[in-house]
Protein chains: 2
Amino acid sequence: MNNSPNVVDLKVLKQACKNCGLSDLCLPLGVSAEELEALERIIDRKRPLQRNEHLYVAGDRMTSLYAVRSGSVKTYTVTNDGQEQITGFHLPGELLGLDAINGGLHPCSAKALETTSICEMPFEALEEVSQRIPALQHQLFRIMSREIQADEHFMMLLGKKSSDARLAFFLLSLSTRLGARGFSHKEFYLTMSRNDIANYLGLAVETVSRLFTRFQNAGIVHVRRKLVTIERLEPLRQIAGVHRIQERCQPENQDLPPLQPPLI
Amino acid sequence: MNNSPNVVDLKVLKQACKNCGLSDLCLPLGVSAEELEALERIIDRKRPLQRNEHLYVAGDRMTSLYAVRSGSVKTYTVTNDGQEQITGFHLPGELLGLDAINGGLHPCSAKALETTSICEMPFEALEEVSQRIPALQHQLFRIMSREIQADEHFMMLLGKKSSDARLAFFLLSLSTRLGARGFSHKEFYLTMSRNDIANYLGLAVETVSRLFTRFQNAGIVHVRRKLVTIERLEPLRQIAGVHRIQERCQPENQDLPPLQPPLI
DNA sequence: CGTATGATTGACATATTTCAAGGTCTGTGG
DNA sequence: CCACAGACCTTGAAATATGTCAATCATACG
């Protein structure tokens with residue numbers, strides 16, 4: 001079935017891009033069938049990570065990029081005053097390690113939030129292959145560009161948006177990304193703790209907790225521990241002040257009471 | 001002197017990468033002399049922009065990346081509730097437009113803060129050339145990676161740091177970047193307004209203004225309108241809680257009064 | 001089951017924003 | 001060259017969103 005010359009491990013090859021449901025989210029987008037083979041040859045599938053296991057830690061030499069196949073990963077740095085700062089949560093189909101190309105060392109650590117399987121792509125090989133396959137090079141540029149764009153968007157969130165807008169955005173982002181991966185848009189498990197969410201969004205845990213209760217009392221979401229159900233999408237969008245990227249900006253955030261003010 | 005076949009405009013060619021003092025900050029880093037020629041052939045130098053002139057506006061089709069040659073540029077989006085959000089200030093040697101590769105449209109607008117000259121690099125040509133020149137491809141990956149890394153760092157600033165840390169970081173960042181470009185580390189003009197700074201740092205103008213006075217009263221910087229003089233670097237670093245990237249993290253932020261508390 | 005960890009809730013503290021006023025440049029046109 | 005207008009910046013006082021501290025509660029896990 002697979003005529004690759006270097007059959008090291010059947011399990012590895014079975015999981016290659018061709019048969020991966022994520023291929024349209026991940027690298028192979030826009031890469032032809034033959035080109036895919038060249039790509040597959042360099043991609044390795046690591047043993048799955050257990051919850052809390054590290055994929056790499058800050059300071060590690062960067063040798064590969066990684067794609068999440070299933071599960072989820074958080075990346076974080078430790079600031080010099082010793083506190084953790086989460087830089088991102090990564091879902092299936094998303095790439096990890098792009099921030100390390102520049103310096104050759106990982107500036108962040110990456111830790112599995114649940115049992116997670118990962119594809120490893122040795123970076124030098126990836127560069128070499130993308131040297132031969134324009135579509136792959138282009139795709140890599142696109143992926144990095146998308147990351148930059150997302151970061152800019154997130155900077156706006158942190159710089160200008162209130163706590164409720166941040167949480168709403170966070171939930172919508174998860175919903176959209178999980179939806180794109182074939183999971184439910186409406187109902188999902190949070191694989192990260194409230195602490196992680198707060199940390200990521202630049203808020204205190206208590207604030208996040210209060211917001212969940214407020215959202216729930218307002219009938220917008222239902223939250224039971226880690227399980228989130230989005231009940232009404234539109235209000236959530238309003239709260240997030242969604243900024244549907246790539247759309248002409250018309251003031252859409254007209255009225256709507258500010259989420260039942262303090263909601264005493 | 002230049003044997004390029006398509007001599008359209010002498011002025012353009014005179015300004016090519018080879019003679020550009022910024023080449024070690026900009027694309028050509030790590031590109032050999034011959035390779036440089038191929039690169040130069042596609043780089044165009046636009047007429048300088050006047051203050052407040054746009055290089056592109058959000059929604060424009062992306063055709064080129066741009067490098068700042070001299071002057072400075074701000075990039076910003078307008079959120080759907082109509083307020084501007086500045087996503088970055090760009091100094092000589094820095095690239096613009098990386099966030100647009102993904103969608104093909106510029107998600108931000110770019111506006112000159114002063115008279116500014118720009119190199120234009122048609123993106124398709126750039127991709128094609130970097131297909132042939134591994135070092136250029138690598139350099140592009142690195143530049144995008146660096147951008148991602150910087151964004152992550154900035155996210156931490158916005159999410160976790162106090163207003164004084166933000167302004168201190170901002171001043172240090174300008175100082176470092178200007179220094180790398182041959183300008184003074186210690187004394188420079190702010191080409192952006194207080195409003196722009198506040199907007200960028202996620203603060204109110206008034207807060208920025210007060211912080212400048214506080215820093216000045218503490219003898220850390222001297223500020224007279226747009227002219228900033230850094231008097232004492234270390235305290236500024238302490239306030240910023242510098243996170244010297246790529247260094248082993250040891251708590252270095254020990255004591256030092258929190259900038260003469262409220263400084264009544 | 002009991003313990004530990006994470007989540008929630010309340011009361012209080014505070015950094016930063018908002019509102020309001022006044023001050024200071026800078027460029028323009030007389 | 002001067003006067004003026006408008007933008008920009010600074011400062012103070014009051015308001016507020018969010019953080020901090022502390023206690024309780026729920027859940028998961030050994």
Side-chain angles (χ1 to χ4, degrees), chain A residues 50-52 74 81 83-86 113-114 157-168 170 189-217 221-228 239 241 257-264, chain B residues 50-52 74 83-84 86 113-115 157-168 170 189-217 221-228 239 241 258-264:
Chain A
Q50 295 308 310
R51 184 167 133 83
N52 288 330
K74 75 171 177 184
D81 45 338
Q83 59 177 347
E84 183 174 309
Q85 161 71 35
I86 295 176
L113 290 166
E114 61 190 310
L157 196 80
L158 292 182
K160 294 262 176 308
K161 301 292 187 161
S162 59
S163 58
D164 51 1
R166 295 188 203 187
L167 188 63
F170 176 72
Y189 279 92
L190 300 172
T191 56
M192 65 295 289
S193 68
R194 299 285 193 272
N195 235 308
D196 284 348
I197 298 174
N199 183 304
Y200 180 58
L201 297 176
L203 300 171
V205 208
E206 294 91 332
T207 306
V208 169
S209 192
R210 281 186 251 270
L211 285 170
F212 270 127
T213 3
R214 277 175 60 194
F215 283 4
Q216 171 152 303
N217 291 343
V221 299
H222 180 87
V223 190
R224 163 114 189 129
R225 209 70 179 171
K226 301 267 184 190
L227 179 64
V228 172
I239 293 165
L259 183 63
Q260 298 174 26
L263 256 181
I264 311 272
Chain B
Q50 295 307 310
R51 185 166 130 85
N52 289 330
K74 73 171 177 185
Q83 59 177 346
E84 185 175 307
I86 295 178
L113 290 166
E114 62 192 306
T115 306
L157 196 80
L158 293 182
K160 296 259 177 308
K161 300 293 189 159
S162 59
S163 58
D164 50 1
R166 296 188 202 186
L167 188 63
F170 176 72
Y189 277 92
L190 300 171
T191 56
M192 66 296 289
S193 68
R194 298 287 192 271
N195 235 308
D196 284 347
I197 297 173
N199 184 306
Y200 180 58
L201 297 176
L203 299 171
V205 207
E206 293 91 333
T207 305
V208 169
S209 192
R210 280 185 253 269
L211 285 170
F212 270 127
T213 359
R214 276 176 60 193
F215 284 3
Q216 172 152 302
N217 291 343
V221 298
H222 181 88
V223 190
R224 165 110 190 126
R225 208 74 177 166
K226 299 266 182 192
L227 178 64
V228 172
I239 293 166
L259 183 62
Q260 293 171 30
L263 255 182
I264 312 274

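Proteins come first, then strands; the chains are lettered A, B, ... in the order of their sequence lines, and each starts at number 1.
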Report yes if some heavy atom in the side chain of [X] is under 4.5 Å from a heavy atom in the side chain of [Y]; otherwise report no.
X	Y	result
His222(A)	Val228(A)	no
Arg51(B)	Leu113(B)	no
Ile197(A)	Phe212(A)	yes

Query - Electrostatic pair Lys74(B)-Glu84(B), nearest N-O below 4.0 angstrom - result: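 Judged by the 4.0 Å cut-off on N to carboxylate O distance, Lys74(B) and Glu84(B) do form a salt bridge.
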Scan Lys226(B) against the nucleic acid and name what it touches under 4.0 Å (heavy atoms): base, sugar-phosphate only, or nothing.
->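 Sugar-phosphate, backbone atoms only, no base.
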>> Mind checking if Ser209(A) touches a base, just sugar-phosphate, or nothing, with heavy atoms under 4.0 Å?
In response: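 Answer is base: heavy atoms of Ser209(A) come under 4.0 Å of a base.
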* Would one find a side-chain N or O of Ser163(A) under 4.0 angstrom from OP1 or OP2 of dA17(D)? -> no
Grab the [atom1]-[atom2] distance between [X] and [N] for me, whole Å please.
X	N	atom1	atom2	answer
Gln216(A)	dA7(C)	CD	C1'	13 Å
Leu158(A)	dA17(D)	CG	C1'	16 Å
Lys161(A)	dT17(C)	NZ	C1'	17 Å
Phe212(A)	dT9(C)	CZ	C1'	16 Å
Lys160(A)	dA17(D)	NZ	P	18 Å
Leu167(B)	dT16(C)	CG	P	12 Å
Leu113(A)	dG6(C)	CG	P	13 Å

Quick tally for nucleotides 20-30 of chain D: nucleotides whose base has a protein heavy atom under 4.0 Å get B, sugar-phosphate-only ones S, the rest -, giving BBB----S---
One should read off an interatomic distance between Leu211(A) CG and Thr213(A) OG1, to the nearest 0.5 angstrom, of 7.5 Å
For this session: Could you tell me the separation between the CZ atom of Arg194(A) and the CE atom of Met192(A), rounded to the nearest 0.5 Å?
Result: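 Output value for this atom pair is 10.5 Å.
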Main-chain N/O of [Y] paired to [X] side chain as donor or acceptor, under 3.5 Å:
X	Y	answer
Glu114(B)	Thr191(B)	no
Lys160(B)	Leu203(A)	no
Arg166(B)	Lys161(B)	yes

(request) Within residues 189-203 of chain A, find the residues that approach DNA chain D with a heavy atom at under 4.0 Å, and present them sorted by residue number. (result)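 Within this stretch, Gly202(A), Leu203(A) sit under 4.0 Å of the strand.
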